[in-house]
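A quick write-up on the structure given underneath.
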Amino acid sequence: MTDTDETTDAQLESQSQSQFQPQPKSESERPASTAAADADDFTVTPYAVSGEVDYDKLLERFGADPLTDEQIARFPDHPLLRRRTFYAGRDVDEYLEAAEIGEPHAVVTGRGPSGPMHLGHVLPLYLAKRFQAETGATVYVPLSDDEKFLAKEQSFESIGEHTRDNLRDILAVGFDPERTRIVIDTADADVIYPIAVRLAKHLTPATVEAVYGTQDTVGLEFYPAVQATHLLLPQLVDGRRPTLVPIAVDQDPHVRVCRDVAAKEALPVEKPGALLGRFLPSLEGPGKMSSSGDAPSISLTDDAETVAETVRSHAYTGGRSSLEEHREHGGDPSVDVPFQYLRFFFEPDDDRLEALAADYRAGDLLSGELKEVAIERINGFLAGHQERRDALGDLGEELEPYRLSEAERRRALERAGVPSPQF
């Protein structure tokens, strides 16, 4: 499962025109891109995000359900859920029921290693860690290095360097190795590829084109089968169980394709569910934070001084143009990026967050002062993450407890109907 950091020439599709189109026969036939009215066009696909995203219209387009207050209350408490950064889902109740009664349940959330990891990449991993700590969820973290080779202008050597660097950040999150499996597509091709071939038999070219559009290579046309393998792997290793995929909303097409494959009943698996999230804003203003764009971002290895300079110099604010005007009319926290970073994750106390918003609206808190609060919170988070990262030893030795065992590999292949060859 990958995060999005690729830009393509995906075409906008009119939301108003879609109202007159036949309803899709399956979840995956819902288009992967969307646009609002002409004045508010936006695109959201697994490979392109642009414009001002209307999250409610995305749910109408994708057919997902908003999370209810009752569902949020049943999840382990976390600001990403409590404040509805993760705001919608599919088959959430099945996952919650299993977690509540102690039945097996799994979480899948991954990484596309095409560059250093930044704050937006790691938040779903920390959410998965919370689920694991509170309910005992098994967590699978696939790394799609092969997909990045196909989609990016990078060599295997370059992507390999990013993969090793990203793995240190993933290990620094602090998952329980007994309940976590980290899978790398090329390194674990002995299990990933045969299962992907098995699943590809249930994917038609028409389905792939309807969801992703025309791809540049046959490799990318095949890749949805690999994505489906990522999402079904916990069940193929250890048996049927509710599986939840916390991802940014642009990755939902991968889940829809996988759910259609699972519905074929060709394999002993249940449809994976999804937990869909909003995008962490770019420092330069509303929109998706992306390591592939020109906008500055905060990497997980940035030191405190670099974070401070980046926020002070680049973070878009909701303040007024002058001190006098700000004191009189106040600022707007809804568009202020430092405040949004605090709201997403970095200020866990709701009362403190609301006090900051109230002071900012009243003009009692200046934009520069709000930036300093955000800098302090972000650096506090990064200090803990970097301490764990720096404490890691040899990568191969650190990774070994998280690798699929030989027995797990055999079980996955057998459940997928791909018995190991005998020579």
Side-chain angles (χ1 to χ4, degrees), residues 3 5 77-83 85 111 115-130 133 162 165-175 248 277-291 293-319 331 333-357 359-360 364-392:
D3 55 353
D5 53 11
D77 183 54
H78 197 283
L80 287 171
L81 281 161
R82 197 167 64 241
R83 296 167 188 163
T85 295
R111 168 70 184 137
M117 290 181 68
H118 59 52
L119 292 178
H121 296 139
V122 82
L123 297 188
L125 294 171
Y126 275 95
L127 181 64
K129 180 190 174 185
R130 174 66 62 85
H162 293 314
D165 181 71
N166 289 183
L167 282 168
R168 290 192 172 275
D169 281 313
I170 293 168
L171 291 168
V173 173
F175 290 109
R278 305 171 194 269
F279 303 127
L280 185 67
S282 163
L283 286 172
E284 293 189 341
K288 188 180 178 188
M289 185 175 188
S290 174
S291 59
D294 295 330
S297 60
I298 298 173
S299 296
L300 300 183
T301 54
D302 283 349
D303 59 32
E305 292 76 15
T306 299
V307 171
E309 175 61 23
T310 300
V311 173
R312 290 169 186 156
S313 300
H314 299 287
Y316 181 89
T317 76
S334 70
V335 299
D336 189 279
V337 171
F339 180 83
Q340 291 305 311
Y341 275 40
L342 293 170
R343 186 184 67 80
F344 265 62
F345 185 78
F346 298 104
E347 175 50 68
D349 188 312
D350 289 350
D351 292 337
R352 172 62 174 157
L353 186 73
E354 181 51 42
L356 289 170
D359 288 347
Y360 197 54
D364 297 329
L365 182 68
L366 302 178
S367 297
E369 294 169 333
L370 187 53
K371 284 185 177 183
E372 295 306 311
V373 175
I375 290 167
E376 179 184 1
R377 299 292 193 277
I378 293 170
N379 276 332
F381 165 79
L382 288 178
H385 181 87
Q386 291 169 7
E387 182 178 1
R388 293 187 296 275
R389 192 184 198 276
D390 293 342
L392 294 170

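Once rounded to the nearest 0.5 Å, the distance linking CG of Leu119 with CG of Leu382 reads 5.5 Å. The distance from atom CD1 of Ile378 to atom CD1 of Ile298, rounded to the nearest 0.5 Å, is 4.0 Å. Here the CD1-NE2 distance, from Ile170 to His121, works out to 11.0 Å after rounding to the nearest 0.5 Å. In this structure, Asp349 CG and Leu342 CG are separated by 11.5 Å, a value rounded to the nearest 0.5 Å. Between Asp390 atom CG and Arg168 atom CZ the span is 9.5 Å, to the nearest 0.5 Å. Residue Ser367 holds its OG atom at 12.5 Å from CZ of Phe339, rounded to the nearest 0.5 Å.
Of all heavy-atom pairs between Arg389 and Asp165, the closest is NH2-OD1, 2.6 Å. Arg83 approaches Pro348 most closely through the heavy-atom pair NH2-O, 3.3 Å. Closest approach of Thr310 to Pro296, counting heavy atoms only: CG2-CB, 4.4 Å. Listed here is the closest heavy atom pair of Lys129 and Val173: NZ-O, 3.0 Å. When all heavy atoms are compared, the tightest approach of Phe344 to Leu80 is O-CD2, 3.1 Å. Minimum interatomic distance between Glu369 and Asp364 (heavy atoms only, all atoms of both residues): OE1-O, 4.0 Å.
Arg343 and Gln340 form a side-chain donor-acceptor contact under 3.5 Å, judged by distance and modelled atom types alone. Judged by distance alone, the side chains of Asp169 and His385 do bring a donor and an acceptor atom under 3.5 Å apart.
Ion pairing between a basic and an acidic side chain is recognised when a charged N comes within 4.0 Å of a carboxylate O; Asp336 and Lys371 show no such pairing.
Listed for the Tyr360 side chain is a donor-acceptor partner under 3.5 Å among the backbone atoms of Gly319. Remark: the backbone N or O of Leu356 is not paired with any side-chain donor or acceptor of Asp359 at under 3.5 angstrom. In this structure, the side chain of Tyr341 engages the main chain of Pro281 through a donor-acceptor pair within 3.5 Å. Using modelled atom types, one side-chain atom of Ser282 and one backbone atom of Glu284 make a donor-acceptor pair closer than 3.5 Å.
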*Evaluate the side chain to side chain contact (heavy atoms under 4.5 Å, CB included) criterion for residues Val122 and Phe381: first the C-alpha distance (whole Å), next the side-chain angles of each, then the deciding distance (0.1 Å), finally the verdict.*
CA-CA 11 Å; Val122 82; Phe381 165 79; 4.1 Å; yes
*Check the pair Met117, His162 against side chain to side chain contact (heavy atoms under 4.5 Å, CB included), reporting the backbone distance first and the verdict last.*
CA-CA 9 Å; Met117 290 181 68; His162 293 314; over 6 Å; no
*Before giving the answer on side chain to side chain contact (heavy atoms under 4.5 Å, CB included), spell out for Leu123 and Leu127 the whole-Å C-alpha distance, their side-chain angles and the decisive distance to 0.1 Å.*
CA-CA 6 Å; Leu123 297 188; Leu127 181 64; over 6 Å; no
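Using cut-offs of 30° and 60° for the angle between ring planes, the Tyr126 and Phe345 rings count as tilted.
When side chains are defined from C-beta on, Glu309 does not count as touching His314, because their heavy atoms never get closer than 4.5 Å.
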